[in-house]
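This report concerns only the one structure given below.
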Amino acid sequence: MKRQKEKSPYGLLALLALLLGLGIQLAMGRTDYRRETAEAERILAELGDRAESAAGEELLTRRLQRAAGEGRAAEFPAERRAASESGDPTLLILVNRWNELPEDYAPELELVAELDGRRYELDRCCSEALWDMLADCAAAGGRPYICSAYRSAEDQQKLYQDKVRRLEKDGVSREEAPELAAESVALPGTSEHQLGLAVDIIDEEYPFLDEGQEETATQIWLMENSWRYGFILRYPNGTTEQTGILYEPWHYRYVGREYAGEIHRMGLTLEEYLLRREGR
């Protein structure tokens, strides 16, 4: 059952005032990061519906860290950051059941969240875009929560084998289980999560990986706005023939803002978009 809590507009105004004040103090060189973070946490606790949101606290902390210069953005190569904002064709790398990850592929990973004792990493080229997207989603009333990000080949292998075992336990034959499992859990070497450019985002109030996600406030907002931040819904409903994966209203792939905008406007999957770019 969903909890209904009263939202306080005064709390939101106070939080905005705090962030504005932090920016002023940064300009004057008088920022006390720990004190400001403590104050932000106090205001967060007064917001009611976000008081128990680990994801909300993580997003706020990340924004304060970045504002205070505590993040790693300054270390990120300027040319790579600029490329992620425009049309960097390397961001369009296609990984699916027919196109395996290059053997020498190695993402530049950065920690994007640490929730419930688990660490989630993504390629550094999309970490800031992710933080901005989730923070804006939360501000719009969603409750975004990262449940999967980068996976190693070993992690992907474990997930795939576990899916095969569960299918067999449910009565699927040993011959059919591997093929059926690959429709929802990619084979190692064919998963976008190994790119470090894909992230699974769920709504905290609906912690299930099923089609019910599409009805949550989080997914409604993300499906409409993720392209503005360089992300696309990778496996839309009714596109299994093109993508090889069943509908996943929680899996978002970073391709950069320019390409994401084109893919969104054209209403295509990544596979279809790449074929269009090749003139086919």
Is there a side-chain contact between [X] and [Y] (heavy atoms, below 4.5 Å)?
X: I93; Y: Y105; result: yes
X: C125; Y: L197; result: yes
X: M223; Y: Y252; result: yes
X: Y273; Y: L92; result: yes
X: E248; Y: Q213; result: no
X: W250; Y: L209; result: yes
X: I202; Y: T216; result: no

Q: Show the numbers, then the answer: is there a side-chain hydrogen bond (donor to acceptor under 3.5 Å, both in side chains) between E215 and Y206?
A: CA-CA 10 Å; E215 301 176 2; Y206 190 84; over 6 Å; no
Verify, without hydrogens or angle tests, whether [X] (side chain) and [Y] (backbone) share a donor-acceptor contact under 3.5 angstrom.
X: D123; Y: E108; result: yes
X: Q156; Y: R151; result: no
X: Q219; Y: I201; result: yes
X: T218; Y: G142; result: no
X: E183; Y: L246; result: no
X: D116; Y: R118; result: no

Q: Using the test side-chain contact (heavy atoms from CB on, under 4.5 Å), find all partners of P89 that sit at least two apart in sequence or belong to another chain.
A: Y259
Q: Report the residues that fulfil side-chain contact (heavy atoms from CB on, under 4.5 Å) with W221, sequence neighbours left out, ordered by chain and then residue number.
A: M133, D136, C137, A140, N225, Y229
So, for [X] and [Y], which heavy atoms are closest and what is the spacing to 0.1 Å?
X: E121; Y: A149; answer: O-CB, 3.2 Å
X: V112; Y: S127; answer: CG1-CB, 3.7 Å
X: A198; Y: H193; answer: O-ND1, 3.6 Å
X: Q157; Y: P188; answer: OE1-CG, 2.8 Å
X: L94; Y: L274; answer: CB-CD1, 3.8 Å
X: F231; Y: V199; answer: CE2-CG1, 4.2 Å

Q: Output all residues satisfying side chain to side chain donor-acceptor pair (under 3.5 Å) with S226, sequence neighbours left out; order by chain, then residue number.
A: none
Q. Is L195 reachable from Y120 through a run of hydrophobic residues whose side-chain heavy atoms are each under 4.5 Å from the next?
A. yes
Q.
Applying a strict under-4.5 Å side-chain criterion to I, L, V, M, F, W and Y, I'd like to know whether M266 and W227 cluster together.
A. no
**Q.** Residues clustering with Y235 (ILVMFWY side chains joined when closer than 4.5 Å, directly or via others)
**A.** I245
Q: Could you identify which residues cluster with V164, counting Ile, Leu, Val, Met, Phe, Trp and Tyr as linked when any side-chain heavy atoms lie under 4.5 Å apart, either directly or through a chain of such contacts?
A: L159, Y160, V185, L187
Drop me the distance from [X]'s [atom1] to [Y]'s [atom2], to the nearest 0.5 angstrom.
X: D104; Y: L101; atom1: CG; atom2: CG; value: 8.5 Å
X: D155; Y: S191; atom1: CG; atom2: OG; value: 10.0 Å
X: E241; Y: T269; atom1: CD; atom2: OG1; value: 10.5 Å
X: L268; Y: Q242; atom1: CG; atom2: CD; value: 9.5 Å
X: R124; Y: E110; atom1: CZ; atom2: CD; value: 5.5 Å
X: L270; Y: L233; atom1: CG; atom2: CG; value: 12.0 Å

(Q) Tell me which pairs pass side-chain hydrogen bond (donor to acceptor under 3.5 Å, both in side chains) where either residue lies in residues 91-103, with sequence neighbours left out. (A) N96-N99, N96-E271, R97-E179
Q) Thinking salt bridges, do R228 and D132 make one under a 4.0 Å N-O criterion? A)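 Salt bridge flag = no for D132 with R228.
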**Q.** R166/D170 salt bridge by N-O under 4.0 Å criterion
**A.**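 Not counted as a salt bridge, because no side-chain N and carboxylate O are separated by less than 4.0 Å.
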Q) When you look at R165 and K169, which way does the side-chain contact (heavy atoms from CB on, under 4.5 Å) test go after all the steps? A) CA-CA 6 Å; R165 283 193 294 267; K169 185 177 180 180; over 6 Å; no
(Q) Test side-chain hydrogen bond (donor to acceptor under 3.5 Å, both in side chains) on E205 and Y145; report intermediate values, then the result. (A) CA-CA 10 Å; E205 293 191 351; Y145 192 95; over 6 Å; no
